[in-house]
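We use all heavy atoms of the structure for the numbers below, so side chains are in, but hydrogens, waters and symmetry mates are not.
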Amino acid sequence: MSDKKFDIDDLFNEDNDDISNNSEKKHQKISSDEIDELLASVKKKNRPSEIKTDEVVENVIEETVPDVADSESDVVAAVPVIGDEKILPDEAKKDSELKKHFGKNSDDEEAEEEDEDEEETNNTPVKKENEKHTDTPKKRKKRSKKGRKKKKKGGIGFNGSIFGGIILVTIILTVSMLLAVGGLTVGMEFYGIGKDENDISFNIPEGSTNEEIADLLFENGIIKNKDLFLMAVKLMKPKKIYPGDITLKPSMSYSDIIEEMEVQRERYETVTLTFIEGSYLVDIADQLEQANVCSADDFLFEFKKDLGYKFESYITDNENAFYSREGYCFPDTYEFYVGDTAYNITKILREHFDSKITDSMYTKMNSMGLTLNDTMTLASIVQLEAANVDEMPRIASVFLNRLKDPDTFPMLQTDTTYKYIDQVIKKKAGNDDMVAHFTEYYDTYAIEGLPAGPICNPGIEAINAVLNPEKTNYYYFCNNLETGETFYAETLEEHEANQIKAGLIEAVENDEDTEEDNGEEYNEYY
């Protein structure tokens, strides 16, 4: 072996640049024997990554120690050198393996790359020294790694604390808003703010408890919070709440309501009225006025309004209906206060009707493809057409059969709609144009299907007959006006024969002058 000295660059036959820009190369010489041994080891493994750590350590004369830059944060990674020449292979794999032999790991490599980027940015040359330091670089690298980990953990904690703070603030604000809204709602309810101004009269029975009085107030729409009322009673401690008739407004405060109930009252005068099945709404209005309950016009005006009852949400309004709520005043016997308000009467009638139409009835309508308006319109026709309650299911089947076969029977052709035109529309429409307009939508001899709305207020039997019709193939019927007997037919020929039996044809022939007015010229069908 010769004692000739040469560069490690010649050994790898590669041009290597320093990591830092414009840094000066320093060459340190080693002996030929040492180089031969290193070459033999490299050739044996055929790649630098297979060089054993012990062999490299024995042959390496010195390791460079990174200088500390002017700034304490600028740390330059150590670069192994042999002699004065740095070992910087081009291939990343060789570089990685050599770094592993000199005690470097992937984290340290990343740190070095970050330091290299910082050095390139600052364009500051870094001085290399040839002093031996074996432990110092590793210790510095470990400290640097721990520093990075601490910083990373610190960042997560900071972000987490911000996120947690945002959540906490959001929860606090939400709870505060809910409490504020709840408090505002309770306050508005207590003082009656934004509530109805209508007078509502009702009776507090003798011996009613505070809970029962709260129920009455709630049912009549005076209060919406029974617990709040009971709390107000507890706080105000009224001397006595008198039973009997009382008139209150929903817009009154809870304290005013309690004070009003503390006053002894005279019993209101009442009147009992019965609305029969098949009554027109105008007839019901006249009954109320004649009994001094309220004026007919006020009642008709109030009765067309919705008050928020369940059945009202099922009504499909028809703008061509003469009275939009005709058919929805349930025939029954009622007790009203004399001199009451139209609003209060409407409220009583709405509540009673709503209690009569059950969920099962709505389900049945839906299964039959009928709306609530269809059902009440058919029921009003059946109510006026049937000679008695027993005939109602069969009468209903005739109209339903016609509706199911519109190609053959497009029109219902019932005289009851003519009577509604004559007795209601012509009397209340106001002018001829309005009469002509509404007649067009109620004349079942001219229009297809059902009229624009119910033509009277049917009873529960007629409603149930529509929902539970008898199964028949009848398309015609007629009644004997004297005996009340009803005749049914599947064909027109049968129907004409039935008319003779019922005595209707002779009656038509002897009363030809009144045929047009009574609509009896159409009795060939009914």
Side-chain angles (χ1 to χ4, degrees), residues 277-278 326-327 361 364-421 441-505 507-508 515 518-526:
E277 290 84 354
E326 180 83 78
M361 294 170 75
K364 191 64 181 290
M365 294 176 204
N366 187 59
S367 65
M368 296 175 67
L370 298 174
T371 65
L372 177 59
N373 222 43
D374 294 338
T375 303
M376 297 308 298
T377 301
L378 273 173
S380 69
I381 295 173
V382 170
Q383 182 72 60
L384 297 179
E385 285 283 9
N388 52 63
V389 172
D390 294 336
E391 296 294 338
M392 286 183 177
R394 195 171 300 174
I395 296 290
S397 73
V398 173
F399 291 111
L400 287 168
N401 289 340
R402 282 180 167 247
L403 289 174
K404 291 176 183 177
D405 190 6
D407 294 334
T408 307
F409 304 97
M411 294 175 289
L412 295 183
Q413 297 178 322
T414 169
D415 294 341
T416 56
T417 56
Y418 269 116
K419 293 178 182 178
Y420 188 75
I421 293 169
Y441 292 96
Y442 280 86
D443 184 358
T444 54
Y445 285 93
I447 63 171
E448 296 182 1
L450 293 167
I455 57 173
C456 72
N457 291 275
I460 193 67
E461 293 85 0
I463 298 172
N464 285 329
V466 172
L467 297 179
N468 302 280
E470 189 174 318
K471 292 183 179 180
T472 71
N473 295 320
Y474 298 138
Y475 294 92
Y476 305 91
F477 72 90
C478 62
N479 295 320
N480 186 314
L481 300 179
E482 294 181 0
T483 64
E485 185 180 1
T486 305
F487 301 91
Y488 299 91
E490 297 183 16
T491 66
L492 180 58
E493 291 76 11
E494 292 177 358
H495 177 59
E496 291 173 344
N498 287 336
Q499 285 182 305
I500 297 174
K501 292 179 183 179
L504 296 175
I505 292 179
V508 169
E515 285 180 359
N518 296 329
E520 291 179 354
E521 69 272 28
Y522 297 103
N523 278 337
E524 59 176 325
Y525 300 105
Y526 289 102

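- A cation-pi arrangement is present between R394 and Y488, with the terminal nitrogen or guanidinium carbon under 6.0 Å from the aromatic centre and inside a 45° cone about the axis.
- Looking only at atom types and distance, the side chain of D374 has a donor-acceptor partner in the side chain of T371 under 3.5 Å away.
- Put simply, CE on M376 and CG on L450 are 13.0 Å apart, with the number rounded to the nearest 0.5 Å.
- Counting heavy atoms from C-beta on, the side chains of Y475 and T491 never come closer than 4.5 Å.
- Panel note: side chain E494, backbone E490; a donor-acceptor pair is recorded below 3.5 Å.
- In terms of heavy-atom proximity, G484 sits nearest to A387 at O-CB, 3.2 Å.
- Here the side chains of Q413 and R402 are in contact, with some heavy-atom distance below 4.5 Å.
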Check the pair E496 / I500 against side-chain contact (heavy atoms from CB on, under 4.5 Å), numbers first and verdict last.
CA-CA 7 Å; E496 291 173 344; I500 297 174; over 6 Å; no

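- In this structure the side chain of N468 reaches within 4.5 angstrom of the side chain of K364, judged on heavy atoms.
- The minimum heavy-atom distance between M365 and L467, with the atom names listed, is CG-CD2, 3.6 Å.
- Inter-residue side-chain proximity for T416 and S380 is flagged as unmet; no heavy-atom pair is nearer than 4.5 Å.
- The two residues A452 and N373 make their nearest non-hydrogen contact at O-ND2, 4.0 Å.
- By the 30° and 60° cut-offs, the orientation of the rings of H495 relative to Y476 is parallel.
- The line from CG of L370 to CG of L400 is 6.5 Å long, rounded to the nearest 0.5 Å.
- Rounding to the nearest 0.5 Å gives a distance of 5.0 Å between CD1 of I421 and CG of D443.
- To the nearest 0.5 angstrom, I463 atom CD1 is 5.5 Å from M361 atom CE.
- In terms of heavy-atom proximity, N457 sits nearest to G327 at OD1-N, 2.9 Å.
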Kindly indicate, with the supporting measurements, whether the criterion side-chain contact (heavy atoms from CB on, under 4.5 Å) is fulfilled by L403 and L378.
CA-CA 11 Å; L403 289 174; L378 273 173; 4.0 Å; yes

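- A distance-only check finds no donor-acceptor pair linking the side chain of N479 to the backbone of L481 [under 3.5 Å].
- Closest non-hydrogen pair, A379 versus A462, comes out as O-CB, 3.5 Å.
- Annotation for E448: atom CD does not count as buried by contact number, only 12 or fewer foreign heavy atoms lying within 6.0 Å.
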CA sep, side-chain torsions, deciding dist, call: F477, E385, side-chain contact (heavy atoms from CB on, under 4.5 Å)
CA-CA 10 Å; F477 72 90; E385 285 283 9; 3.6 Å; yes

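- Closest heavy-atom contact between Y442 and P451: CD2-CB, 3.9 Å.
- Atom OG1 in T417 sits 7.5 Å away from atom CD1 in I447 (nearest 0.5 Å).
- For the pair Q383 (side chain) and G459 (backbone), a donor-acceptor distance under 3.5 Å is present.
- Within the 3.5 Å criterion, the main-chain N or O of T414 finds a donor-acceptor partner in the side chain of T444.
- A 4.5 Å side-chain heavy-atom check between I455 and E326 finds every atom pair outside the cut-off.
- Side-chain atoms of N498 never come within 3.5 Å of backbone atoms of C478 as a donor-acceptor pair (strictly under, hydrogens ignored).
- For the atom pair CG of N388 and CD of E461, the computed distance is 11.5 Å after rounding to the nearest 0.5 Å.
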